[in-house]
Amino acid sequence: MPNTQEIREKYLKLPPDLKDVLFSEEVSDTIRKLGAKYNLGAKVGLLADQTGLILLGVLHPKNFITELS
């Protein structure tokens, strides 16, 4: 897992459009709906974190499911 400084550096290098997506209401709503659909409860935060790491380029999409479980 990357540290806070590494995540910050990755974020600062993102194009503006991707920064907007990362914190968009639409993405937040989608994650919240998925959490409700699959009864994730408090684990919805983990889903949001892992999704953010993919958007930042820190986590490869092929590792997404492994990291969630």
Side-chain angles (χ1 to χ4, degrees):
M1 182 71 132
N3 65 39
T4 304
Q5 183 62 31
E6 290 171 317
I7 291 172
R8 178 176 159 65
E9 289 171 8
K10 291 276 190 175
Y11 175 77
L12 292 174
K13 293 178 184 176
L14 287 178
D17 290 349
L18 199 47
K19 286 179 182 176
D20 291 343
V21 167
L22 191 59
F23 295 106
S24 74
E25 189 173 326
E26 182 179 355
V27 170
S28 295
D29 287 345
T30 301
I31 291 171
R32 203 173 305 113
K33 287 176 185 175
L34 286 169
K37 179 177 180 178
Y38 293 103
N39 299 314
L40 296 179
K43 292 183 181 181
V44 74
L46 178 62
L47 176 61
D49 291 345
Q50 298 304 310
T51 302
L53 291 176
I54 287 176
L55 291 172
L56 287 168
V58 174
L59 177 65
H60 193 282
K62 73 177 183 177
N63 298 326
F64 184 67
I65 299 300
T66 304
E67 290 295 321
L68 283 176
S69 58

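All residue numbers in this chain count up from 1 along the given sequence.
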Requested in this report: Taking all heavy atoms of Lys19 and all of Leu12, pick out the closest pair and write down the distance.
Outcome: NZ-O, 3.6 Å
Report task. Considering non-hydrogen atoms only, spot the tightest contact between Arg32 and Asp29 and give its length. Result -> NH1-OD1, 2.6 Å
Taking the side chain as every heavy atom from C-beta outward, state whether [X] and [Y] have any pair of such atoms under 4.5 Å apart.
X     : Y     : result
Leu22 : Tyr11 : yes
Val27 : Ile31 : yes
Leu68 : Leu46 : yes
Leu34 : Leu40 : no
Gln50 : Ile54 : no

Report task. Using side-chain contact (heavy atoms from CB on, under 4.5 Å) as the criterion, point out the one residue from Leu53, Thr51, Asp49 that pairs with Leu59. Result -> Leu53
**Report entry** Gap between atom CD of Glu9 and atom CG of Leu14 - 0.5 Å precision
**Finding:** 12.5 Å
